[in-house]
**Q** 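Sending over a structure as structure tokens; questions will come in a sec.
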Amino acid sequence: MSQAVGNTALAYARVWHQVDATDRILGKLAERIALVLMGKHKPIYNPSVDCGDYVIVTNCKKIHVSGRKEQEILYRKHTMYPGGLQETPFSDMMKKKPEEIIRQAVSGMLPKNKLRDRRLERLRIFPGEQSGILNANVMRSWHDGTLPQDWDPTKLVTQVPRILPAKYRDRPQHTP
């Protein structure tokens with residue numbers, strides 16, 4: 001009786017999570033995203049190993065902040081020239097780059113180490129409802145933590161069908 005015990009390849013497999021940011025509080029959402037990007041929701045979590053999952057955030061234009069933060073938060077960046085400090089209020093940032101608000105909030109909640117940039121690459125943020133082709137990868141939705149309603153394991157697409165050139169389409173296909 002031999003069984004694989006411990007850190008198998010399946011334990012390290014990355015899953016795609018989808019989050020709808022409509023009417024969610026920025027800080028609480030960013031904290032939950034950071035935990036998933038780090039992999040703390042998995043039983044094999046190790047701070048020195050990058051075992052987190054992918055996260056897709058949609059509707060980031062509809063996110064909220066609590067209290068008076070909408071008037072008080074300033075996003076700062078510096079051009080590295082004398083007098084080059086640029087400050088952007090939260091309301092202007094929501095109009096111009098709403099995805100950067102969530103990215104900076106999540107970045108602030110991740111550990112400040114060499115894995116931070118690699119973890120942030122797995123965060124995909126979209127201002128609207130559509131997330132493009134990435135929506136086909138989603139395994140979990142965050143409202144209740146279950147699988148999507150239309151998910152069927154028998155219909156998983158693991159390979160993209162090959163499109164043949166026009167001159168080969170009329171020939172009978174050889175199947176091994």
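Just so it is clear, the structure is predicted and the values come from calculations on it, not from any experiment.
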**Q** Using a 3.5 Å cut-off and no angle test, enumerate the donor-acceptor pairs between side-chain atoms of residues 88-108 and protein atoms at least two apart in sequence or in another chain.
**A**
none

**Q** Check the surroundings of atom CD in Gln71: do more than 12 heavy atoms from other residues, nucleotides or ligands lie under 6.0 Å from it?
**A**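 Enclosed: over 12 neighbouring heavy atoms sit under 6.0 Å from CD of Gln71.
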**Q** With sequence neighbours excluded, give me every salt bridge (charged side-chain N to carboxylate O under 4.0 Å, His left out) pair touching residues 125-138.
**A**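 Those involving residues 125-138 do not exist here.
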**Q** How long is the straight-line distance from CG of Asn113 back to CZ of Arg118, given to the nearest 0.5 Å?
**A**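 It is 10.0 Å, given to the nearest 0.5 Å.
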**Q** Same cluster or not: are Ile63 and Val65 linked, directly or through other Ile, Leu, Val, Met, Phe, Trp or Tyr residues, by side-chain heavy atoms under 4.5 angstrom apart?
**A**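 In one cluster with Ile63: Val65, yes.
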**Q** Checking Arg76 now: which residues fulfil side-chain hydrogen bond (donor to acceptor under 3.5 Å, both in side chains) with it, not counting sequence neighbours?
**A**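 With neighbours one apart ignored, the set is Glu87.
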**Q** For Glu121, enumerate each residue passing the salt bridge (charged side-chain N to carboxylate O under 4.0 Å, His left out) test, keeping only those at least two apart in sequence or located in another chain.
**A**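 Residues passing salt bridge (charged side-chain N to carboxylate O under 4.0 Å, His left out) with Glu121: none at all.
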**Q** Taking side-chain contact (heavy atoms from CB on, under 4.5 Å) as the test, write out the residues that go with Gln86, two or more places apart.
**A**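 Result, side-chain contact (heavy atoms from CB on, under 4.5 Å) vs Gln86: Lys77, Thr79.
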**Q** Nearest heavy-atom pair of Pro47 and Leu115: which atoms, and what distance?
**A**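 Result for this residue pair: O-CD1, 3.9 Å.
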**Q** I'd like to know if Val55 and Leu35 are part of one continuous hydrophobic network [Ile/Leu/Val/Met/Phe/Trp/Tyr, side-chain heavy atoms within less than 4.5 Å].
**A**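 Leu35 clusters together with Val55.
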**Q** Could you tell me which residues satisfy side-chain hydrogen bond (donor to acceptor under 3.5 Å, both in side chains) with Lys69, sequence neighbours excluded, listed by chain and number?
**A**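 Listed in chain order: Ser66.
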**Q** Nearest 0.5 Å, please: how far is CD1 in Ile33 from CZ in Arg119?
**A**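 Rounded to the nearest 0.5 Å, the CZ-CD1 separation comes to 15.0 Å.
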**Q** Nearest 0.5 Å please: distance from the SG atom of Cys51 over to the CG atom of Leu37.
**A**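 Going from the SG atom of Cys51 to the CG atom of Leu37 covers 11.5 Å.
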**Q** Could you list the residues that satisfy salt bridge (charged side-chain N to carboxylate O under 4.0 Å, His left out) with Lys42, not counting sequence neighbours?
**A**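 Checked Lys42 against salt bridge (charged side-chain N to carboxylate O under 4.0 Å, His left out); matches are Asp53.
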**Q** Under the rule for side-chain hydrogen bond (donor to acceptor under 3.5 Å, both in side chains), what residues qualify as partners of Asp117, not counting sequence neighbours?
**A**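 Asp117 satisfies side-chain hydrogen bond (donor to acceptor under 3.5 Å, both in side chains) with no other residue.
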**Q** So which atom in Leu110 and which in Met38 form the shortest heavy-atom distance, rounded to 0.1 Å?
**A**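 Heavy atoms of Leu110 and Met38 come nearest at CD2-CG, 3.7 Å.
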**Q** Among all residues two or more places apart in sequence or in another chain, which pass the side-chain contact (heavy atoms from CB on, under 4.5 Å) test with Ser48?
**A**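 Ser48: side-chain contact (heavy atoms from CB on, under 4.5 Å) contacts with Asn46.
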**Q** Can any side-chain N or O of Arg14 pair as donor or acceptor with the backbone N or O of Gly52 at less than 3.5 Å?
**A**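 Here the side-chain-to-backbone pair exists.
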**Q** What distance do Asn59 atom CG and Gln130 atom CD have between them, rounded to the nearest 0.5 Å?
**A**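 If I round to the nearest 0.5 Å, the distance is 9.5 Å.
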**Q** Applying ring pair (Phe, Tyr, Trp, His ring centres under 6.0 Å) as the test, list every pair that has at least one member in residues 41-78; sequence neighbours left out.
**A**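 Checked against ring pair (Phe, Tyr, Trp, His ring centres under 6.0 Å) - neighbours excluded - the pairs reaching residues 41-78 are Trp16-Tyr54, His17-His41.
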**Q** Taking salt bridge (charged side-chain N to carboxylate O under 4.0 Å, His left out) as the test, write out the residues that go with Arg124, two or more places apart.
**A**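 Checked Arg124 against salt bridge (charged side-chain N to carboxylate O under 4.0 Å, His left out); zero matches.
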**Q** For Thr58, check side-chain hydrogen bond (donor to acceptor under 3.5 Å, both in side chains) against everything at least two apart and list the hits.
**A**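 Partners of Thr58 by the side-chain hydrogen bond (donor to acceptor under 3.5 Å, both in side chains) criterion, ordered by chain and then number, come out as Gln18.
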